[in-house]
Peer 1: 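Here's a structure for you.
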2 protein chains.
Amino acid sequence: MARPSDTKARIQAVARELFVEQGVQNTSLRQISDRLGITKPALYYHFASRDELVRSIIQPLVEDMERFVATRESGEARELLEEYFDMIWRHRDITVMIVREMSTLGYLDLGQRMFDWRRRLITLLLGPDPTPARHIHATVAIGGMSDCSVEYAHLPLDEVKSAAVDAAAAALGL
Amino acid sequence: MARPSDTKARIQAVARELFVEQGVQNTSLRQISDRLGITKPALYYHFASRDELVRSIIQPLVEDMERFVATRESGEARELLEEYFDMIWRHRDITVMIVREMSTLGYLDLGQRMFDWRRRLITLLLGPDPTPARHIHATVAIGGMSDCSVEYAHLPLDEVKSAAVDAAAAALGL
DNA sequence: GTCTATATGATGATAGAC
DNA sequence: GTCTATCATCATATAGAC
């Protein structure tokens, strides 16, 4: 069907589809191999374990997030909100998957890491040691934008982004 | 240990704990019975199936939500935001559990229902047929508040509520 | 690289004794 | 109401042929 060396990528594509559709825990290797028209053990030629397959699919989001909170500097808040929205929008399907399954994926330490990303993002927006009230305002802004990237996932980016960023900025008092 | 007729309630309490901790799909009947110090089949005297146990735990939230969106009328927006916050705060642990596991709990139609609740809430806030932009603003407001009820779940209600409602109101342009 | 066949273990659920 | 014993089913994973 496809070039042999593409099989690994095809496995990831199908797994990603099924994980997003039905959840990670709820998807078996059998379902993946069936949809690809190969057998279960064939998967083990390309991935050492189920976990390794899961990790390989989440990795791009993790890398993007880490890079984002590591490289940005405090500055124009609205610009930061917009860039952040672009990123969560790109990864919106995997984000939903992770949030939905945080406990199951707890072994990957993802719940803690996402919490940490958000904390650092708030520091970028508000500086260190914001008051609890301003921290909560920022959570409404950022959490609300995340919800938009999920709830309007099927709409064109520009339609959603400007309104979502406006609302987030207002929540922040900008 | 406890009065015999309390066993059903004790099962629900322990199941609820484990579901919130680890997720529904990820919790086995064996774990529940172990923590209670009884055996697996004993559970089946009190609940016809695993599903029935799960449903019995989610039911209070479903009833409260349905009642809320059914009985409120359009009116003062800030008051509505406050009452809504009180409710999601009360059910915050189960809400997390559901959102995290929407696909797994798809058979209960919960994903669709939660989406519907939010849609009706937005109608209450904005009236019928809001512009897409205002709809998105409302999603930031409501989604952002939900995030607060999760992220600050350990703080006292009043500290969180006033700041969260303020931010939501600002996102809505109030 | 992919197959058949199989090992091993957990799960939800039932039958029937006490 | 709770137990012991057991079933069918499904999962991840491995061994070894082609």
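Lettering follows sequence order; numbering is per chain, from 1.
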Peer 1: Quick one: B:L53 CG to C:dT11 P, roughly how many Å, whole number?
Peer 2: 15 Å
Peer 1: Would you kindly give the CZ-to-C1' distance between B:R30 and C:dG9, to the nearest whole Å?
Peer 2: 12 Å
Peer 1: Return the value, rounded to whole Å, for the distance between atom CD1 of A:I38 and atom C1' of C:dG1.
Peer 2: 9 Å
Peer 1: Identify, between B:G37 and A:A48, the residue whose nearest nucleotide on DNA chain D lies closer to the 5' end.
Peer 2: B:G37
Peer 1: Thinking salt bridges, do A:D64 and A:R67 make one under a 4.0 Å N-O criterion?
Peer 2: yes
Peer 1: Can you measure A:H46 atom NE2 to C:dG1 atom C1' for me and round it to whole angstrom units?
Peer 2: 6 Å
Peer 1: Nearest to the side chain of B:T39, heavy atoms from C-beta on, is which of C:dC3, D:dC3, C:dG12?
Peer 2: D:dC3
Peer 1: Side chain of A:A42: nearest nucleotide among C:dC3, D:dG1, D:dA5?
Peer 2: C:dC3
Peer 1: Measure the distance from CG on A:L29 to P on D:dT12 and round it to the nearest whole Å.
Peer 2: 4 Å
Peer 1: Salt-bridged, B:R30 to B:D34, with N to O below 4.0 Å?
Peer 2: yes
Peer 1: In this structure, how many angstroms lie between the C1' atom of C:dT2 and the CD1 atom of A:I11, rounded?
Peer 2: 11 Å
Peer 1: Hey, is the side chain of B:Y45 poking within less than 4.0 Å of OP1 or OP2 on D:dT2, counting only N and O atoms?
Peer 2: no
Peer 1: Output the single nucleotide from D:dC3, C:dA13, D:dA15 whose closest atom is nearest the side chain of B:Y44.
Peer 2: C:dA13
Peer 1: Which is true for A:S28 with a 4.0 Å heavy-atom rule: it touches a base, it touches only sugar-phosphate, or it touches nothing?
Peer 2: sugar-phosphate
Peer 1: Is a salt bridge present between B:K161 and B:D158, judged by a nitrogen-to-oxygen distance below 4.0 Å?
Peer 2: no
Peer 1: Whole angstroms only, please: what is the CZ-C1' distance between A:F47 and C:dG1?
Peer 2: 14 Å
Peer 1: Kindly say if B:T7 contacts the phosphate of D:dT2, meaning a side-chain N or O under 4.0 Å from OP1 or OP2.
Peer 2: yes
Peer 1: Closer than 4.0 angstrom, basic N to acidic O: yes or no for A:R92 and A:D147?
Peer 2: no
Peer 1: Starting from P on D:dA13, measure out to NZ on A:K40 and report it in whole angstrom.
Peer 2: 10 Å
Peer 1: For A:R134, look at atom CZ and say whether over 12 heavy atoms of other residues, nucleotides or ligands are found less than 6.0 Å away.
Peer 2: no
